[in-house]
Amino acid sequence: MGTTYSRDREMLGDPIFWLFVLPGLLLGAYAQSRIKINIAKYSQVGTQDGITGAQVARRLLDSQGLRNVAVSPLQGC
């Protein structure tokens, strides 16, 4: 077990490791922040008809003949 720990510590100190890992971490953090911003922005936008998301889902399901699928309205974030 001691050799695995030593190897892991050595890998984290390797600049090549960070060269490959860091861009993915940064891109993931950027994408997460953009998604969070857009959810906050568009969760405040209403529909033209003034209906809820649950009502929209019900209409979409009904238009496809899926009347047996339940739609449960939930309180938003």
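Both backbone and side-chain heavy atoms feed into the values below; hydrogens, waters and symmetry mates do not.
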(message) Is the shortest side-chain heavy-atom distance between Arg59 and Ile51 below 4.5 Å?
(response) yes
For residues 29-42, dump all side-chain donor-acceptor pairs below 3.5 Å to protein atoms at least two apart in sequence or in another chain.
from  : atom 1 : to    : atom 2 : distance (Å)
Ser33 : OG     : Tyr30 : O      : 2.7
Asn38 : ND2    : Arg34 : O      : 3.2

(request) Could you pull out all residues at least two apart from Leu26 that satisfy side-chain contact (heavy atoms from CB on, under 4.5 Å)? (result) Leu22
Table please: side-chain donor-acceptor pairs of residues 64-74 below 3.5 Å, with sequence neighbours left out.
from  : atom 1 : to    : atom 2 : distance (Å)
Arg67 : NH2    : Asp62 : O      : 3.4

(message) Hydrophobic cluster membership, with links at side-chain heavy-atom distances under 4.5 Å among I/L/V/M/F/W/Y: are Leu61 and Val56 in one?
(response) no
(message) On a heavy-atom basis, which atom in Pro23 and which in Leu19 lie closest, and how many Å separate them?
(response) CD-O, 3.2 Å
